[in-house]
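Every number for a ligand or one of its atoms is a count from 1 in the order of the listing.
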Amino acid sequence: MSACKLVVANWKMHGSLESCHQWMQQMSTYDLSGCDVALCAPSVYLTTLVQAAQGTPVRIGAEDVNENAQGAFTGEISAGMLADIGCHLVIVGHSERRTMYGDTDERVALKAQAALSCALAPIVCVGETLQERQAGQTMEVVTSQLQAVIDLIGVQGLSCAVLAYEPVWAIGTGLSATPEQAQEVHAALRAFVAKYDAQVADQLRILYGGSVKPGNAAELFAQPDIDGGLIGGASLKAEDFWGICQAAKNV
Ligand code: PGA
């Protein structure tokens, strides 16, 4: 496990030019040493954010990427373009993309591969629905989502990637997984990777996402297999996000 936690903001379809500047300005006043921090934001703001993040430790990333290198894909953005403007990472397979925009396990794997080919770290999201959890299928669902990625990029590919466990029922609902529920899945995911390569598994950062707030971050981050968080709603205000970073620093 990585010594230092990683806390990633996921703004989703929120923000404005003004909020980009304000958020970065406020973050620049905090002491972010002791944790790694990134912000994934809508594509139109990425150039602004890359510039505003200069001189701060905050890394900038996208919320999605097309799996192709280039071509006739109107409206899409390639990994090469994201790297070109100074991004360092990209979320792939967020459950909102899977459910609303038809991203299959195979497509998510292709996106992870595209990101890696441009030296972007993919944040690969996996997670079960409430129905799947209630049917006892959590491990089966998350490991098969991960399996598709390993099948394509190989376990070594994961050494440049980040994994995020985001139970769908916890995203944006205010209903976070308990630290024990999250730990159980994180440990299972790490054990799954360890069957391929123990060192990759040990060094893989597995983030938890789903209603993380300043008030519950510390107990989640205290779990041995939780290496940080992917933060939606609570990342929009720099103050709240900082509260979560503080919890990551203090573990
Ligand atoms: P949330 O979203 O923190 O608002 O639950 C997390 C995510 O979707 O990444």
Side-chain angles (χ1 to χ4, degrees), residues 5-15 19 23 27 35-43 45-46 49 58-65 87-103 108 111-112 115 120-130 132-133 138 141-142 145-146 149 161-179 181-183 185-186 189 205-221 223 226-248:
K5 306 271 180 203
L6 169 63
V7 188
V8 182
N10 172 16
W11 277 6
K12 311 193 179 188
M13 201 169 75
H14 295 285
S19 70
W23 195 93
M27 288 303 288
C35 68
D36 290 336
V37 178
L39 164 59
C40 294
S43 309
Y45 297 128
L46 294 175
L49 287 167
V58 180
R59 300 246 156 168
I60 303 299
E63 299 175 4
D64 188 34
V65 66
C87 287
H88 285 97
L89 59 171
V90 58
I91 299 171
V92 299
H94 190 281
S95 67
E96 286 152 16
R97 304 288 327 169
R98 290 179 189 264
T99 56
M100 289 188 266
Y101 302 97
D103 277 9
V108 171
K111 289 180 176 200
L120 295 174
I123 302 175
V124 179
C125 299
V126 299
E128 83 288 2
T129 62
L130 185 58
E132 288 162 342
R133 174 162 280 267
T138 298
V141 170
V142 297
Q145 289 170 336
L146 178 56
V149 174
V162 174
L163 191 59
Y165 168 56
E166 296 207 308
V168 179
W169 48 272
I171 296 178
T173 58
L175 189 75
S176 168
T178 64
Q181 281 173 323
Q183 166 59 24
V185 180
H186 282 232
L189 287 167
R205 276 164 151 178
I206 310 179
L207 312 183
Y208 169 76
S211 299
V212 180
K213 303 177 269 286
N216 64 8
E219 52 176 10
L220 286 160
F221 295 163
Q223 300 299 312
I226 300 185
D227 306 309
L230 182 54
I231 320 299
S235 73
L236 295 174
K237 281 195 194 146
E239 228 169 284
D240 293 342
F241 187 66
W242 164 236
I244 296 168
C245 296
Q246 276 177 301

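Residues Cys40 and Val8 have side chains in contact (heavy-atom distance under 4.5 Å, counting atoms from C-beta outward). Side-chain atoms of Asp103 and Lys111, non-hydrogen and from C-beta on, do get closer than 4.5 Å to each other. Between Asn10 and Glu63, some side-chain heavy-atom pair lies under the 4.5 Å cut-off. Using a 4.5 Å heavy-atom cutoff, the side chains of Lys237 and Trp242 are not in contact.
Judged by the shortest distance from any of its heavy atoms, Ser211 lies inside the 4.0 Å radius around the atoms of ligand 1. Close to ligand 1: Lys12, with a non-hydrogen atom less than 4.0 angstrom away. Between Gly172 and ligand 1 there is a heavy-atom distance shorter than 4.0 Å. Contact annotation: Ser95 has no heavy atom less than 4.0 Å from any atom of ligand 1.
Around CE of Met100, the count of heavy atoms belonging to other residues, nucleotides or ligands within 6.0 Å exceeds 12.
When hydrogens are left out, the protein atom nearest atom 7 (C) of ligand 1 is Glu166 OE2, 3.2 Å; that is the closest non-hydrogen contact. The closest protein non-hydrogen atom to atom 4 (O) of ligand 1 is Gly233 N, 2.8 Å. From the protein, the heavy atom lying nearest to atom 3 (O) of ligand 1 is Gly232 N, 2.9 Å.
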Which atom pairs, donor and acceptor, lie under 3.5 Å between side-chain atoms of residues 89-96 and protein residues at least two apart or in another chain?
{"unit_1": "His94", "atom_1": "ND1", "unit_2": "Glu96", "atom_2": "N", "d": "2.9"}
{"unit_1": "His94", "atom_1": "NE2", "unit_2": "Glu166", "atom_2": "OE1", "d": "3.2"}
{"unit_1": "Glu96", "atom_1": "OE2", "unit_2": "Lys12", "atom_2": "NZ", "d": "2.8"}

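Within ligand 1, the atoms closer than 4.0 Å to a non-hydrogen atom of Leu230 are 6 (C), 9 (O), numbered from 1 in the order shown. Counting the atoms of ligand 1 from 1 in the order shown, those under 4.0 Å from a heavy atom of Ala170 are 5 (O). Of all atoms in ligand 1, listed by their number and element, those nearer than 4.0 Å to a heavy atom of Gly210 are 5 (O). Close approach to His94 involves these atoms of ligand 1, each under 4.0 Å from a residue heavy atom: 7 (C), 8 (O), 9 (O).
Expressed to the nearest 0.5 Å, how far CD1 of Ile206 lies from OH of Tyr165 amounts to 12.0 Å.
By the criterion of a heavy-atom distance under 4.0 Å, the side chain of Asn10, and not its backbone, is placed next to ligand 1.
Aromatic ring centres of Trp23 and Phe241: separated by under 6.0 Å.
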